[in-house]
Amino acid sequence: MKTWRAQLAGAVLIVVMAVSLGIEASHLPRKGTASNLPSPVPIAHRTCAQAEAISDNLGTTQANDGAFSACLRVGPVAAGSYQITARSFSKTAMVGTINPPGSWITLTPPSGPPGTVVAVSAFVPGTSPESRRVLYSDLCWAGCNALAGTSEIEWSSSTPGKFTLHFTVPAAPWFTGTRVTPLRPGRYPVVVPCATTFEKPSGLCTDVGLEGYFELTGGGSGLCQTDANCAVLEASPGKGPPGTLLAVNGWAPLTGLNGGGFLQMAIEGHPPQSKLGSSLPPPIASMPFVVNAAPALASLPAMHPVTIQRTGMDPIGVDPGNSRRFAYCGNGAIKLTTNAGSTWSTISLAGVRAASALTNYPIPGSFTASPLTCTSVALDSRYAGTFYAVFSAVPRNSGPPPFYFVAYVTRNSGRTWQPVPVPAKSEMGRFGGFRVSPAGVQALFWSQATTDSSQPPAFLVEQTTDGGRTWPASSLRCPLSGPCIGLGPQDNGRCMAVGEWQAIEISTDGGQSWTSPGWPARLGACTTSELVGLDSNGMVAVDQMGAHTLTWSSDGGSSWEDVALPLLPGADADPGNAQGSLQILPDGRLLVAGSRWYLLGSGATAWCPVAAAPQISGGEWSASPRLIGDRLFWSDPTAGAAVGVTLRSFPISAVHC
């Protein structure tokens, strides 16, 4: 798990792109000197909101004047000295035969000062219909070994082979390779490197290239008058523990044309450990950063959970008013017990096939398992014959990924099934999970309404209090005790691609309105994560596959901090080697259940093994064991032909070291 392994000294702190970085810190360039920067540097000086940098998978583009900004989240690493670095991943375009007979290129206007917007009109005879379907083209300034970018193509509707591109003349010096070219008046080539085919899959261009010229006027720029690197970098704050949000601002010679300069921002260790090594481009700017130690779990007050909410589609459903009555998704049916597992009855799923035939999500479909097996089940506390089930499906005449979740209800113990009604502003495949309480059952759906990109996606809630007969609109409800917290709907089934997640929701007005904290904003749902309400208005988020395994808040979610967990026995620096599923028990202890079980109690500084616990094969990818009454239950993925065939259990009294 990431936080446990991340305590190892020398790990790379955070990468803003899905790339590991590495270079000796002694090789990093420092801030530009005053003698090389006689003019004021146009740094943006932006600030960062907590909702930004929710992950370490972000990059930043560079403005036409050379300014750039990024919001970096300090990752879960050991205390020590690091370097914030900016690297350029600029592209060198391949150039075809320049201006062959019959082709032409013109620039409008043909001259102007820095920042001029220029229209590039061009014509290539014999352009194929396939080429005319291309929407973007490479474009270069001062040669394709200098500034390269992309521009949207506007094809002529009357003259095949004629098209128009636009670009903005650089307003700052630029990198030509690793050297800096000052911004000075003069005549500069503008190149469309590979027209008609634009670029071969091999990366080589054997066709037409076009080249025109632009006369740059004005006084140029007083920045970077030599070819030395003159980039600068600033960060605020200059130190902090894991989880700290940094506003990183800087300026550098341009790395791309037309706003196409892409910078990779990272905080790197001493020495960093990178599989890519020296093949990475050298950094263009760096500055030191100090990581303070995260608080250890043993240093915090003992956790007293009041409520525990789990992410994911759980194959086990419990009656919220009677812990002796629960059910699980078995092989082709739902298995139900009313006496804590002593005996079981069967709820048929056969009616789901007929009910789904008239929908756009047939069950089972071409890509789903047979016999029909549910993904999740929920029980109604007030109506013994009502059951709610979730199935994984794909749209008719389509294929995964993703798989979509669809919801069904039976009011007669499985004799017939019906789809759960879909809100007017949603769609059947946008279902995101059930929420149960003694008062009724809620169904969550993603809204189809568009929202501002700075806001989280909207979702809709409907609720039944009459056993599934009616579903009026509602909103998330607060837990019966503890802080008012909840989990939003689950994303579609894409764990092997981009993952699944659920947003953390917090209400300060008794459930009338809900907001998501800026960080942590959401929890992973491909494996079980937990949102835990504590006494005294505290809360904890546990996300074993997230960058920060455990975060906690003591002020109702207004602020959060990363908590360092001790390494598991045999743990290493690879974040992909999870030992099992991680959860918080109702008494506040942390439990890892997998090939071996481990406990971490209040005030403990090391994990201890649970000697008598059984092995859970693939435990880190299955739902965490669920405490029902006095036993932990889990669906065994190895017993039989399908996941969910057998329910296994282990007494909570035996979970000790």
Salt-bridge criterion met for Arg589 and Asp587 (N-O under 4.0 Å): yes
N/O donor-acceptor pair under 3.5 Å between Arg469 side chain and Asp466 backbone: yes
Atom pair OG (Ser536) and NE2 (His304), whose distance is rounded to the nearest 0.5 Å: 8.5 Å
Side-chain touch Val390/Val406, heavy atoms, less than 4.5 angstrom: no
Pairs satisfying disulfide (SG to SG under 2.5 Å), at least one member in residues 382-428, at least two apart: none
Donor-acceptor under 3.5 Å (Arg382 side chain, Gly440 main chain): no
Contact check, side chains of Leu591 and Leu632, non-hydrogen atoms, under 4.5 Å: yes
Side chain to side chain contact (heavy atoms under 4.5 Å, CB included) between Val318 and Arg626, worked out: CA-CA 10 Å; Val318 183; Arg626 184 163 183 173; 3.8 Å; yes
Over all atoms of both residues, closest heavy-atom pair of Glu530 and Arg310: OE2-CG, 4.0 Å
Rounded distance (nearest 0.5 Å) linking atom OG1 of Thr528 with atom CG of Asp314: 6.5 Å
Between Asp380 and Thr386: side-chain donor-acceptor atoms closer than 3.5 Å: no
Nearest-0.5 Å distance, CD of residue Gln418 to OG1 of residue Thr416: 4.5 Å
Donor-acceptor contact below 3.5 Å, side chain Ser356 vs main chain Pro362: no
ring-ring contact (aromatic ring centres under 6.0 Å, His included) partners for Trp552, two or more places apart: none
Under 3.5 Å donor-acceptor, Thr311 side chain and Ser529 backbone: yes
Donor + acceptor pair across side chains of Gln309, Arg435 (<3.5 Å): no
Check against ring pair (Phe, Tyr, Trp, His ring centres under 6.0 Å), Phe431 and Phe445: CA-CA 4 Å; Phe431 175 74; Phe445 288 83; 5.3 Å; yes
Side chain to side chain contact (heavy atoms under 4.5 Å, CB included) between Met539 and Ser553, intermediate numbers included: CA-CA 5 Å; Met539 55 191 71; Ser553 171; 3.9 Å; yes
Any Arg415 side-chain heavy atom under 4.5 Å of Thr410 side chain: no
Closest non-hydrogen atom pair, Leu627 against Asp630: CD1-C, 4.3 Å
Short side-chain to backbone donor-acceptor contact, Glu561 and Gly243, under 3.5 Å: no
Side chain to side chain contact (heavy atoms under 4.5 Å, CB included) between Met303 and Ile584, worked out: CA-CA 9 Å; Met303 293 187 293; Ile584 295 182; 4.2 Å; yes
Backbone N/O of Leu647 and side chain of Trp634: donor-acceptor pair under 3.5 Å: no
Chi angles and distances behind the side chain to side chain contact (heavy atoms under 4.5 Å, CB included) call for Asn360, Asn397: CA-CA 9 Å; Asn360 191 40; Asn397 301 321; over 6 Å; no
Side-chain heavy-atom pair Ile485, Ile504 within 4.5 angstrom cut-off: no
Parallel, tilted or perpendicular, as decided by the 30° and 60° cut-offs, for the rings of Tyr388 and Trp471: perpendicular
Atom pair CD/CG of Gln544 and Leu590 - distance to nearest 0.5 Å: 11.5 Å
Side chain proximity check, Phe387 to Ser413, heavy atoms < 4.5 angstrom: yes
Other residues, nucleotides, ligands: >12 heavy atoms within 6.0 Å of Arg325 CZ: yes
Nearest heavy-atom neighbours spanning Ala521 and Ser516: O-OG, 3.2 Å
Closest contact, heavy atoms only, Pro76 versus Asp562: CB-OD1, 4.4 Å
Gap between atom OH of Tyr383 and atom CG of Asn412 - 0.5 Å precision: 14.5 Å
Any donor-acceptor N or O pair under 3.5 Å, side chains Glu427, Tyr361: yes
Polar side-chain atom of Thr551 near backbone of Trp560 as donor-acceptor pair, under 3.5 Å: no
Residue pair Arg522 / Gln502, side-chain heavy-atom distance below 4.5 Å: no
Test item: Thr515 and Pro517 side chains (from C-beta on) under 4.5 Å apart, heavy atoms: no
Quiz item: cation-pi between Arg430 and Trp446, 6.0 Å / 45°: no
Heavy-atom side-chain contact between Leu379 and Val436 under 4.5 Å: no
Nearest heavy-atom neighbours spanning Val394 and Pro402: CG1-O, 4.0 Å
Polar side chain donor-acceptor pair, Arg73 to Thr244, under 3.5 angstrom: no
Under 3.5 Å donor-acceptor, Thr346 side chain and Ser348 backbone: no
Residue pair Asp319 / Ser381, side-chain donor-acceptor N/O under 3.5 Å: yes
Heavy-atom pair with the smallest gap, counting every atom of Cys484 and Trp514: SG-CH2, 3.4 Å
Donor-acceptor under 3.5 Å (Ser581 side chain, Ala593 main chain): yes
Exam field: side chain Thr307 to backbone Pro479, donor-acceptor pair closer than 3.5 Å: no
Pair Trp519 and His548, ring centroids less than 6.0 Å apart: yes
Ring centre gap for Phe633 and Tyr328 strictly below 6.0 Å: no
Between CG on residue Leu599 and SG on residue Cys608, distance to nearest 0.5 Å: 5.0 Å
Ring-ring centroid check Phe650 Trp597, cutoff 6.0 Å: yes
